[in-house]
Amino acid sequence: MEVKVLVATHKNYAMPKDDLYLPIFVGKSLHPDVNHSFQGDNTGNNISAKNPYYNELTAIYWGWKNLDLDAMGLVHYRRYLSLNHKKSLNDVLSRQQAVDLLKDHDIILPPKRRYYIETIESHYLHSHEHEPLEVMSRVIKERYPEYLPSYEKVMKRSWAHMFNMFIMKREPLNEYCNWMFDVIGEVEKQIDISSYTAYEQRVYGFLSEPLLDVWLDMHPEYSTKEVEYVFMEHVNWLKKGGSFLKRKVVGHW
């Protein structure tokens, strides 16, 4: 089975040595001189120039359109899938482990991220500009009405598979990417983000995260398997928790 997991990065960084992984320098067309050792997302059929707005989606799009694989995935330069909690690049999911999991499952996912005190919808609205989510809801209702019940269910949950991390066999990958990029592309046509902060202009990457669970809910025919999630750097949970509560009380800033 031919499998690759893209590692989205925007800087020089240590990478796993297992050949399962393919480092992708995202937004390469905007930063042609920053890195010459990682594959850029600006070759072949690509949306590299949209990286400031699409985040890691430019890597997903590049791999989907340009790689001939049986399965493809995405992780981040500091976030990986693993079968344990060890913070070591030597312990991230290996090629053999991925192949073994894909023998019995169509899609490999990180564990659910649980918010407990709020829903996916309220978390988004407390963290980001409201208009994009409102427009996406309308796009799904008008363009894909059959997805609306799944969309509403997912947005009322208090958990989601975040960060656009997954490994998918080719058939579900094609179906998911065709749907997700169409939804995001339609939202892009309908909103003006020129007045947003640079952070908020990353809107299409943010919007895409709950769409994975919407699509999964609509396609129970595909078998999924959750594995562990490893963040390679120390997290200040006190600071992160404070930021979370601030968003909850006063909204995004």
Exercise. For residues Ser48 and Asn46, is any side-chain donor paired with an opposing acceptor at under 3.5 Å?
Worked result: no
Exercise. Given Tyr222 and Trp215, is the ring-ring contact (aromatic ring centres under 6.0 Å, His included) satisfied, shown in steps?
Worked result: CA-CA 11 Å; Tyr222 292 119; Trp215 186 84; 5.7 Å; yes
Exercise. Is the shortest heavy-atom distance from the side chain of Leu57 to the side chain of Met180 under 4.5 Å?
Worked result: yes
Exercise. Once you round to the nearest 0.5 Å, how far does CZ of Phe181 lie from CG of Leu211?
Worked result: 10.5 Å
For this session: Taking atom types as modelled, find out whether Ser82 and Asp91 have a side-chain donor-acceptor pair closer than 3.5 angstrom.
Result: no
Exercise. Is the closest side-chain heavy-atom distance between Leu216 and Thr224 below 4.5 Å?
Worked result: yes
For this session: Please round to the nearest 0.5 Å and tell me the distance separating atom CG of Asp100 and atom NZ of Lys225.
Result: 12.5 Å
Please table the atom pairs, donor to acceptor, closer than 3.5 Å between any side-chain atom in residues 69-78 and protein atoms at least two apart or in another chain.
unit_1: Asp70; atom_1: OD2; unit_2: Glu2; atom_2: N; d: 2.6
unit_1: His76; atom_1: NE2; unit_2: Phe163; atom_2: O; d: 2.8
unit_1: Arg78; atom_1: NH1; unit_2: Glu233; atom_2: OE1; d: 3.1

For this session: Report the distance from atom CD1 of Ile24 to atom CD of Glu56, rounding to the nearest 0.5 Å.
Result: 13.0 Å
For this session: Assess whether side chain to side chain contact (heavy atoms under 4.5 Å, CB included) is satisfied between Asn42 and Leu30, documenting all intermediate values.
Result: CA-CA 9 Å; Asn42 62 332; Leu30 303 175; over 6 Å; no
For this session: Find out whether Leu101 and Ile167 are in side-chain contact, i.e. whether some heavy atom of one side chain is under 4.5 Å from a heavy atom of the other.
Result: no
Exercise. Within a strict 4.5 Å, meaning less than it, do heavy atoms of the Leu109 and Val227 side chains meet?
Worked result: no
Problem set entry | Side-chain H-bond candidate by donor/acceptor type, Glu209 with His161, under 3.5 Å | no
Exercise. At their closest point, which heavy atom of Glu228 faces which heavy atom of Asn84, and how far apart are they?
Worked result: CB-O, 3.6 Å
Problem set entry | Ile107 to Pro172 - nearest heavy-atom pair and separation | CD1-CB, 4.2 Å
Problem set entry | Expected output: side-chain Arg95 to main-chain Asp19 donor-acceptor under 3.5 Å | yes
Exercise. Hey, would you say the Trp159 and Tyr116 ring centroids sit under 6.0 Å apart?
Worked result: no
Problem set entry | Row check, Phe25 ring normal vs Lys28 NZ/CZ: under 6.0 Å, within 45° | yes
For this session: Might you point out which heavy atoms bring Leu125 and His130 nearest each other, and give the distance in Å?
Result: O-NE2, 3.0 Å
Seminar exercise, completed: d(Asn35 CG, His10 NE2) to nearest 0.5 Å is 12.0 Å
Exercise. Do you see a donor-acceptor pair shorter than 3.5 Å between the side chains of Tyr229 and Arg79?
Worked result: yes
Exercise. So how far is it from Tyr61 OH to Ile184 CD1, rounded to the nearest 0.5 Å?
Worked result: 14.0 Å
For this session: Calculate, to the nearest 0.5 Å, the distance between atoms CZ and CG belonging to Arg202 and Leu207 respectively.
Result: 12.5 Å
Problem set entry | Any Met1 side-chain heavy atom under 4.5 Å of Leu102 side chain | yes
For this session: With Val187 as reference, evaluate Ile140, Val139, Val203 under the side chain to side chain contact (heavy atoms under 4.5 Å, CB included) test and give the passing residue.
Result: Val139
For this session: Identify the two heavy atoms, one from Met162 and one from Pro110, that lie closest to each other, and give their separation to 0.1 Å.
Result: O-CG, 4.2 Å
Problem set entry | Side-chain donor-acceptor pair present, Glu188, Tyr54, cut-off under 3.5 Å | yes
Exercise. Of all heavy-atom pairs between Val26 and Ala8, which one has the smallest distance, and what is that distance?
Worked result: CG1-CB, 4.0 Å
Exercise. How close do Tyr80 and Met165 get, heavy atom to heavy atom, and via which atoms?
Worked result: C-CE, 3.8 Å
Exercise. With distance as the sole test, does Arg143 use its side chain to make a donor-acceptor pair with the main-chain N or O of Arg138 at under 3.5 Å?
Worked result: no
Exercise. Under a 4.5 Å side-chain heavy-atom rule over Ile, Leu, Val, Met, Phe, Trp and Tyr, are Leu83 and Tyr21 clustered together?
Worked result: yes
Exercise. Hey, mind stepping through Leu81 and Ile108 against side chain to side chain contact (heavy atoms under 4.5 Å, CB included) and telling me if it holds?
Worked result: CA-CA 9 Å; Leu81 301 174; Ile108 303 171; 4.3 Å; yes
Exercise. Do we see a donor-acceptor contact under 3.5 Å between the side chains of Asn66 and Thr43?
Worked result: no
Exercise. Mind checking whether Tyr144 and Trp179 have parallel, tilted or perpendicular rings, split at 30° and 60°?
Worked result: perpendicular
Exercise. Taking it one step at a time, do Glu129 and Tyr196 satisfy side chain to side chain contact (heavy atoms under 4.5 Å, CB included)?
Worked result: CA-CA 8 Å; Glu129 298 282 351; Tyr196 290 6; 3.8 Å; yes
For this session: Evaluate the side-chain proximity of Cys177 to Leu173: yes if any heavy-atom separation is below 4.5 Å, no if none is.
Result: yes
Exercise. side-chain hydrogen bond (donor to acceptor under 3.5 Å, both in side chains) between Thr58 and Asp41: does it pass, once the steps are laid out?
Worked result: CA-CA 7 Å; Thr58 62; Asp41 65 353; 2.7 Å; yes
Exercise. Is there a side-chain contact between Thr9 and Phe38 (heavy atoms, below 4.5 Å)?
Worked result: yes
Problem set entry | Steps toward side chain to side chain contact (heavy atoms under 4.5 Å, CB included) verdict (Thr119, Ser158) | CA-CA 4 Å; Thr119 66; Ser158 60; 5.6 Å; no
Problem set entry | Check: Phe206 ring centroid to Tyr124 ring centroid under 6.0 Å | no
Problem set entry | Residue pair Ser127 / His123, side-chain heavy-atom distance below 4.5 Å | yes
For this session: Would you mind listing every salt bridge (Lys or Arg N to Asp or Glu O under 4.0 Å) that reaches into residues 152-169, with sequence neighbours excluded?
Result: Asp106-Lys169, Glu121-Lys156, Lys153-Asp217, Arg157-Asp217
Exercise. Heavy-atom count around Asn45 CG within 6.0 Å, excluding the residue itself: above 12?
Worked result: yes
